[in-house]
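Below, each value reflects all heavy atoms present in this structure, side chains not excepted, and no hydrogens, waters or symmetry copies.
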Amino acid sequence: MDSSFQRDQLDNQILSALMEDARTPFAELAKRFSVSAGTIHVRVEKMKQAGIITGAQISVNPKALGYDVCCFIGINLKSAGDYPAAIAKLNALDEVVEAYYTTGNYSIFVKVMCQSIDGLQHVLINRIQSIDEIQSTETLISLQNPIVRAVKP
């Protein structure tokens, strides 16, 4: 990873375009930004080497896959030293889609996706709360997700 890389306006334009549609051909970006396709390729490779671009993925609609329940669970650990073991066990649960080590009221904050409230109850009681390192949890069910966006370059 090259930490000395300095982005310029063209790099930011390329990033914005690829964040909007990662499948945009380099030739199309080259036309849009009045540079050669080779320039686009070199810029993208430099941003990969600098660790700015870490991959390309597709977005899926969880509801279309049957995941109707999104919730956030604040987790209190029995002790700070329990963090690595708790994270390893949470990582093994497919329903846990994000996890954050946090300050404040909780040690860990996770995002969980389930297909139903019954499914959430099962995951919460039988899988998350049964993890030995977890002292307590608080669950917040998401009603909607009106803002979803990536950071701007």
Side-chain angles (χ1 to χ4, degrees), residues 1-75 77 80-116 119-120 122-124 127-128 131 133-134 137-153:
M1 186 160 38
D2 179 7
S3 60
S4 66
F5 180 79
Q6 295 293 315
R7 288 187 337 265
D8 63 14
Q9 184 178 358
L10 177 58
D11 294 319
N12 289 339
Q13 290 172 321
I14 294 167
L15 278 174
S16 292
L18 291 175
M19 288 169 68
E20 193 173 307
D21 183 359
R23 297 179 303 168
T24 306
F26 287 178
E28 183 179 319
L29 295 175
K31 278 184 189 176
R32 188 182 312 174
F33 304 129
S34 302
V35 296
S36 72
T39 297
I40 300 293
H41 177 75
V42 168
R43 296 291 187 112
V44 168
E45 287 304 313
K46 284 184 178 180
M47 287 188 279
K48 284 180 183 178
Q49 290 172 2
I52 295 168
I53 295 175
T54 58
Q57 57 263 56
I58 61 167
S59 295
V60 295
N61 178 349
K63 287 192 180 289
L65 295 175
Y67 290 87
D68 290 328
V69 179
C70 172
C71 73
F72 298 91
I73 302 174
I75 297 172
L77 299 175
D82 289 334
Y83 174 73
I87 284 295
K89 291 174 182 177
L90 289 165
N91 191 38
L93 304 178
D94 289 337
E95 295 86 359
V96 175
V97 297
E98 294 180 29
Y100 300 90
Y101 190 32
T102 61
T103 63
N105 292 334
Y106 308 109
S107 303
I108 301 170
F109 205 68
V110 296
K111 179 178 178 182
V112 173
M113 297 295 297
C114 294
Q115 294 184 329
S116 66
L120 171 60
H122 171 77
V123 168
L124 188 58
R127 302 188 76 198
I128 293 176
I131 294 173
E133 293 79 7
I134 293 177
T137 63
E138 181 178 0
T139 303
L140 302 117
I141 295 177
S142 172
L143 300 177
Q144 63 177 220
N145 186 9
I147 300 171
V148 178
R149 63 176 161 233
V151 298
K152 291 192 180 268

Colleague: Please determine which of Val110, Ile108, Asp82 meets the side-chain contact (heavy atoms from CB on, under 4.5 Å) test together with Ile87.
Modeller: Ile108
Colleague: Please report the interatomic distance NZ(Lys111) to CZ(Phe72), rounded to the nearest 0.5 Å.
Modeller: 5.0 Å
Colleague: Measure across Ala56 and Ala22 and return the closest heavy-atom pair with its distance rounded to 0.1 Å.
Modeller: CB-CB, 4.0 Å
Colleague: Let me see the working for Leu29 and Arg32 under side chain to side chain contact (heavy atoms under 4.5 Å, CB included), right down to the final yes or no.
Modeller: CA-CA 5 Å; Leu29 295 175; Arg32 188 182 312 174; 4.2 Å; yes
Colleague: Which heavy atom in Ala92 sits nearest to a heavy atom in Arg127, and how many Å separate them?
Modeller: O-NH2, 4.4 Å
Colleague: When rounded to the nearest 0.5 angstrom, what distance separates SG in Cys70 from CG in Asn145?
Modeller: 7.0 Å
Colleague: Nearest heavy-atom pair of Pro62 and Val60: which atoms, and what distance?
Modeller: CD-O, 3.2 Å
Colleague: Extract all donor-acceptor atom pairs below 3.5 Å that involve side chains of residues 10-17 and protein atoms in other chains or at least two apart in sequence.
Modeller:
residue: Asp11; atom: OD1; partner: Arg43; partner atom: NH1; Å: 3.0
residue: Asp11; atom: OD2; partner: Asp8; partner atom: N; Å: 3.1
residue: Asp11; atom: OD2; partner: Arg43; partner atom: NH1; Å: 3.4
residue: Asn12; atom: OD1; partner: Arg7; partner atom: NE; Å: 2.7
residue: Ser16; atom: OG; partner: Asn12; partner atom: O; Å: 3.1

Colleague: If you count heavy atoms of other groups shown closer than 6.0 angstrom to CZ of Phe109, is the number above 12?
Modeller: yes
Colleague: Between CZ of Phe5 and CD of Gln49, what distance do you get to the nearest 0.5 Å?
Modeller: 9.5 Å
Colleague: Show your reasoning for whether side chain to side chain contact (heavy atoms under 4.5 Å, CB included) applies to Val112 and Val97.
Modeller: CA-CA 6 Å; Val112 173; Val97 297; over 6 Å; no
Colleague: Asp68 and Lys63: side chain to side chain contact (heavy atoms under 4.5 Å, CB included), yes or no, with the steps?
Modeller: CA-CA 5 Å; Asp68 290 328; Lys63 287 192 180 289; 4.0 Å; yes
Colleague: If you count the non-hydrogen atoms of other residues, nucleotides and ligands that lie under 6.0 Å from CG in Leu65, is the total more than 12?
Modeller: yes
Colleague: For Glu28, is there an ion pair with Lys31 - N to carboxylate O distance below 4.0 angstrom?
Modeller: no
Colleague: Check the pair Ile40 / Phe33 against side chain to side chain contact (heavy atoms under 4.5 Å, CB included), numbers first and verdict last.
Modeller: CA-CA 9 Å; Ile40 300 293; Phe33 304 129; 4.3 Å; yes
Colleague: Does atom CD of Glu98 have more than 12 heavy-atom neighbours, drawn from other residues, nucleotides or ligands, at distances under 6.0 Å?
Modeller: yes
Colleague: Specify whether Phe26 and His41 have parallel, tilted or perpendicular ring planes, treating 30° as the upper limit for parallel and 60° as the lower limit for perpendicular.
Modeller: tilted
Colleague: Could you measure the distance from the CD1 atom of Ile128 to the OG1 atom of Thr139? Nearest 0.5 Å is fine.
Modeller: 7.5 Å
Colleague: Kindly compute the distance separating CG (Leu90) from CD1 (Ile75), expressed to the nearest 0.5 Å.
Modeller: 4.5 Å
Colleague: So how far is it from Leu120 CG to Gln115 CD, rounded to the nearest 0.5 Å?
Modeller: 12.0 Å
Colleague: What's the shortest heavy-atom distance between Val69 and Ser116, and which atoms?
Modeller: CG2-C, 3.5 Å
